[in-house]
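Numbering of ligands and ligand atoms starts at 1, following listing order. We use all heavy atoms of the structure for the numbers below, so side chains are in, but hydrogens, waters and symmetry mates are not.
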Amino acid sequence: MFSAAMSSSEPADQKVYFRCFAGCEGNHSIYDVLYRCPKCNSLLEVYHDRAPLRDRNAYKWQQLFDSRASTTNWPFGSGVWGMREWVIPDLRDENVVSMCEGNTNLFWADRLGKQFGLSELWIKLCGNSHTGSFKDLGMTVLVSVVKQMMTMPSNPVQAVACASTGDTSAALAAYAAYAGIPAIIFLPAGKVSTAQLIQPVANGAHVLALDTDFDGCMKIVQEVTEDHSIYLANSMNSLRIEGQKTVGIEICRQFDWEVPDWIIIPVGNLGNISALHKGFRLMMDLGLINRMPRLVAAQAERADPFYQSFKTGFSDKTSVTAGETLANAIRIGDPVSYEKAVKAVQETDGIVEQATEQELAAASARADLTGMFTCPHTGVALAVLEKLVNRGVIKPNDRTVVISTAHGLKFTDFKVGYHESTLEGITSECANPPVYLKANTQVVKDEIEKRLSAKA
Ligand SMILES: *Cc1c(COP(=O)(O)O)cnc(C)c1O
Ligand SMILES: [Zn+2]
């Protein structure tokens, strides 16, 4: 049923392949075990030949994507696979590993926007996804390609692996478990919380807690994956970008194919902002949109190498030793997708800005008071938004989207610590701890009256 719908919607002779992001000649199959350019060691990118995609005009593409957005016709109900011709066109149906990721809500944050003086603030809730972060968008693609590789006669791959302390390992473990492919997760022993450990543990991954830090884990996973029987799923793998790029396309679709003025996104390894840009680039090239949004990369001050590079006009790639930050998913000192992200900022007249621990915690807490439940990374983006509005860069009527990268429920330690006023170095101005009272009606009435009159 779905296969008929699929083959009739695919333009003929569609070509998609790895090529060197730095421009070396030569194409490579996306089903080869390859993470970097064999000539110059740069990152690869998945490239889609434009000519066959032009067989369908811009309006027809919009209509096609619109028509699939709410369907139960598997796998088109996934925000990623609803755009499969733009993602991995030759992936066979039986190899699509999807749990209906994407198509996350984009909602108008009316009250919060008004507090900033903005008439149109929108929040794209990427954390409302299968494992609670946008990482699902990339992992559905990577694991699907691996599943197809494993059907090929010459296939060496037997398992997938990544080093991570958080959202990447959760997404990899879940998608690998769904596909029945073994997953190996490398974590620094004693440096991850129970919450960060528990998703891969529950999904049956081989969780290896090593006697080292994150960088030590990264080094070992790269060495272990040299022999090609274990496929590396860290974000230098550009297959993940193909899934993540759908978020920008999805935002435009949700605005009836209008382009917002600004998109603010919290960044660490710089894969996600590269992906966002790649989606917009493809829409521009195929005529679905006629301008770019301005992209804002938001960093935590304690892990801000991209901000430091931006300040020098990107004359140098800066690396820092990333300090401890509440926004632990973006605690990265030497971002792997630097070159791609520089292009994303330069081609969109973008900006890089940063936020302190106090600023991100305060921004997150204030947003929660308008009905959200924001993760600390979303707090970084909201703090940066406030700075740009106050500086007059973002204007009151600019349509502005903040990408919320994870669900706040994955970061309950941060929330509890904030409201108990126990976060080190943070003043919890909006702390709202419960009040403990005697079970006595008059005591309760007095407390309610005191509180309601105080807030009036
Ligand atoms: C991975 C992640 C980021 C950063 O994305 P990069 O691609 O590394 O820049 C931001 N927020 C959350 C919640 C993440 O899991
Ligand atoms: Zn190269």
Please tabulate, one pair per line, all N/O donor-acceptor pairs under 3.5 Å involving side-chain atoms of residues 133-146, not counting sequence neighbours.
{"unit_1": "Ser133", "atom_1": "OG", "unit_2": "Lys135", "atom_2": "N", "d": "3.1"}
{"unit_1": "Asp136", "atom_1": "OD1", "unit_2": "Thr131", "atom_2": "OG1", "d": "2.5"}
{"unit_1": "Asp136", "atom_1": "OD2", "unit_2": "Ser129", "atom_2": "OG", "d": "2.8"}
{"unit_1": "Asp136", "atom_1": "OD2", "unit_2": "His130", "atom_2": "N", "d": "2.9"}
{"unit_1": "Asp136", "atom_1": "OD2", "unit_2": "Thr131", "atom_2": "N", "d": "2.7"}
{"unit_1": "Thr140", "atom_1": "OG1", "unit_2": "Trp81", "atom_2": "NE1", "d": "2.9"}
{"unit_1": "Thr140", "atom_1": "OG1", "unit_2": "Val97", "atom_2": "O", "d": "2.5"}
{"unit_1": "Ser144", "atom_1": "OG", "unit_2": "Val97", "atom_2": "N", "d": "2.8"}
{"unit_1": "Ser144", "atom_1": "OG", "unit_2": "Thr140", "atom_2": "O", "d": "2.5"}

Run through the protein N/O/S atoms less than 2.8 Å from the Zn ion (ligand 2) and write them out by chain and number.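 Correct list: Cys20 SG, Cys24 SG, Cys37 SG, Cys40 SG.
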Using the side chain to side chain contact (heavy atoms under 4.5 Å, CB included) criterion, which residues pair with Gln62? Sequence neighbours excluded.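 In terms of side chain to side chain contact (heavy atoms under 4.5 Å, CB included), with neighbours along the sequence ignored, Gln62 is linked to Tyr59, Trp257, Leu288.
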Table of N or O contacts for ligand 1, cutoff 3.5 Å:
{"unit_1": "ligand 1", "atom_1": "7 (O)", "unit_2": "Gly271", "atom_2": "N", "d": "3.1"}
{"unit_1": "ligand 1", "atom_1": "7 (O)", "unit_2": "Asn272", "atom_2": "N", "d": "2.8"}
{"unit_1": "ligand 1", "atom_1": "8 (O)", "unit_2": "Asn269", "atom_2": "N", "d": "2.8"}
{"unit_1": "ligand 1", "atom_1": "9 (O)", "unit_2": "Gly268", "atom_2": "N", "d": "2.8"}
{"unit_1": "ligand 1", "atom_1": "9 (O)", "unit_2": "Asn269", "atom_2": "N", "d": "3.3"}
{"unit_1": "ligand 1", "atom_1": "9 (O)", "unit_2": "Leu270", "atom_2": "N", "d": "2.9"}
{"unit_1": "ligand 1", "atom_1": "11 (N)", "unit_2": "Thr405", "atom_2": "OG1", "d": "2.8"}
{"unit_1": "ligand 1", "atom_1": "15 (O)", "unit_2": "Lys135", "atom_2": "NZ", "d": "2.7"}
{"unit_1": "ligand 1", "atom_1": "15 (O)", "unit_2": "Asp167", "atom_2": "OD2", "d": "2.6"}

Are side-chain heavy atoms of Phe280 and Cys252 found at a separation under 4.5 Å? yes
Note, Val80 side chain near Val87 side chain (heavy atom, < 4.5 Å):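 Side-chain contact under 4.5 Å: yes.
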Proximity of Tyr31 and Tyr17 rings by center, below 6.0 Å: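 Ring-ring flag for Tyr31/Tyr17: false, centres at least 6.0 Å apart.
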For residues Phe310 and Phe314, establish whether the separation of their ring centroids is below 6.0 Å.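 Close enough - the centres of the two rings lie under 6.0 Å apart.
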For the residue pair Arg19 and Tyr47, would you count it as a cation-pi contact if the rule is NZ or CZ under 6.0 angstrom from the ring centre and within 45 degrees of the ring axis?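 The answer is yes; both the distance and angle limits are met.
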Which word best sums up how the rings of Trp86 and Phe65 line up, parallel for under 30°, tilted for 30 to 60°, or perpendicular for over 60°? perpendicular
From the options Arg281, Lys343, Arg291, Met292, select the one residue that forms a side-chain contact (heavy atoms from CB on, under 4.5 Å) with Thr348.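 So, applying the side-chain contact (heavy atoms from CB on, under 4.5 Å) to Thr348 and each of Arg281, Lys343, Arg291, Met292, only Met292 qualifies.
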